[in-house]
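Quick notes on the structure that follows.
Counting convention: from 1, in listed order, for ligands and their atoms alike.
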Amino acid sequence: IPVAPFVLTVFGATGDLSRRKLIPALFHRDLDGQIPDNAVIIGVSRRALSHEEFRAFAHQALVDHIPSGQLDGSPVEKFLARLFYVAADADAEPGWSDLASLVAAQGDMIPVYYLATAPALFGPICEKLGKHGLAEKGRVVIEKPIGKDLASAVALNEQVGRIFPEERVYRIDHYLGKETVQNLMALRFANALFEPLWNNGHIDHVQITVAEALGVEERAGYYDTAGALRDMVQNHMLQLLCLVAMEPPHSLDADAVRDEKLKVLRALKPIDEHNMASVTVRGQYRAGASAGGAVPGYLEELGSSRSQTETFVAVKAEVENWRWAGVPFYLRTGKRLASRVSEIVVAFRPVPHSVFGEAVGPLEANRLVIRLQPDEGVKLWLMIKDPGPGGIRLTHVPLDMSFAKAFKVRNPDAYERLILDVVRGNQTLFMRRDEVEAAWTWVDPILQAWRNAKEAPRPYTAGTWGPSASIALIERDGRTWLEDG
Ligand code: BG6
């Protein structure tokens, strides 16, 4: 079903996000017939380009990111014909009135401004949009990093908020657009099975792993100012934690969902210099091996021997409320780990008593595993009887639902869903200002405690599961990281 006609202006249109994600996502939606015929996409950046040159740039982005079979014939031409280009600089006047005229010439369409730029430009761009009368009905889309701590996030939100009211600000966390992440809500709230068990009476602990096999590569400049806690935990991983831990919202209304997520963020047990050493581990990769062969360490990639930025972090988080008291949420994420795998493991408590006696060995507890990537799917681990006429022998096996096998459709990229949700005016999968700030409120004291401790991150060899201290972090509690659900 097509959305309402829109005019989408992408700032930073010749940048990496636009090339790798936004242009291919818009093309896919167009291919599926979801973009109305008269919708228009305007690219803006500082480079002087003609409309034709920008179309050639976009065409190349499609060639690089879309399987070639889908690029034949008229759909590409139709998509490229929607594209226009204006050269403008956030800090200078030229170009802005051209942009205003081009947007006005589209008539009564929903104006969306996607700021795919460095965050330092969010404020200046919003100001210019306001000044040129473009903000009135417009929606603005921004993306992380939204600040590097609470104070800078508040300042950034203020700058944007001076021009756009909160109900027209869309803060993207692309993890919320991932199919399996949305499926988490479906699993929890469309099945009667899980909710009665979804509490500390039945759940022993939760693990959230977002492991990447790649290093920082050409993003080292940005990454070194951020580190894994800011880059992945403050946003993506806390959002996943919220979706697991939140109370059932009364509907999928944006504020109903976001109110519940906010309560979780506010219930996170503070981590500061008193408990930092026992519940967090920072790591940094050294040279090692990946599937493709030998790979350099972080410092070599960065070209500096001094950085103390963490490329791995493990945290034992706790949600201090009735539902979750005593249930740890173990989070870990890192670059150059043993494989690329992101999953959420909900580990249930063991049965209270075994009727099977010693002979069958220990009973393994049930686990629900939500695999975000790759091989998206859901597994529910159960104990069953080994087939055969002998006595009872039990074994742990998964009920395994692979999305690729169950549904023969292409798995859409997160941006496809999210961009069109902006046009639909649906903020459910976007972060509200108070959520972002609550997440920083929890993260800031961790960063502060690390700074005070002045300890270097623990080294780990590229291609492993991170520093051994992260294994000790969970094993101290008598538990273990579950590498494959
Ligand atoms: C980004 C981080 O937000 O998410 C990157 O800045 C990270 O460092 C990326 O690689 C991971 O996203 P995905 O969708 O590949 O899991």
Side-chain donor-acceptor contact under 3.5 Å, [X] with [Y]:
X	Y	answer
Asn183	Glu179	no
Thr461	Arg286	no
Tyr285	Thr464	no

Could you pull out every N or O of ligand 1 that sits under 3.5 Å from a protein N or O, with the distance for each pair?
| residue | atom | partner | partner atom | Å |
| --- | --- | --- | --- | --- |
| ligand 1 | 3 (O) | Lys144 | NZ | 2.7 |
| ligand 1 | 3 (O) | His236 | NE2 | 2.7 |
| ligand 1 | 6 (O) | Lys144 | NZ | 2.6 |
| ligand 1 | 6 (O) | Arg219 | NH2 | 2.8 |
| ligand 1 | 6 (O) | Asp231 | OD1 | 2.6 |
| ligand 1 | 6 (O) | Asp231 | OD2 | 3.3 |
| ligand 1 | 8 (O) | Arg219 | NH1 | 2.9 |
| ligand 1 | 8 (O) | Asp231 | OD2 | 2.6 |
| ligand 1 | 8 (O) | Lys335 | NZ | 2.7 |
| ligand 1 | 10 (O) | Glu212 | OE1 | 2.6 |
| ligand 1 | 10 (O) | Glu212 | OE2 | 3.2 |
| ligand 1 | 10 (O) | Lys335 | NZ | 3.0 |
| ligand 1 | 12 (O) | His174 | NE2 | 3.2 |
| ligand 1 | 14 (O) | His174 | NE2 | 2.8 |
| ligand 1 | 14 (O) | Lys178 | NZ | 2.6 |
| ligand 1 | 16 (O) | Tyr175 | OH | 2.5 |
| ligand 1 | 16 (O) | Gln373 | NE2 | 2.6 |

Exercise. Are the aromatic ring centres of His205 and Phe329 under 6.0 angstrom apart?
Worked result: no
Exercise. Mind checking whether Tyr460 and Trp465 have ring centres under 6.0 Å apart?
Worked result: no
For this session: Please name all residues satisfying ring-ring contact (aromatic ring centres under 6.0 Å, His included) with Tyr113, sequence neighbours left out, ordered by chain then number.
Result: none
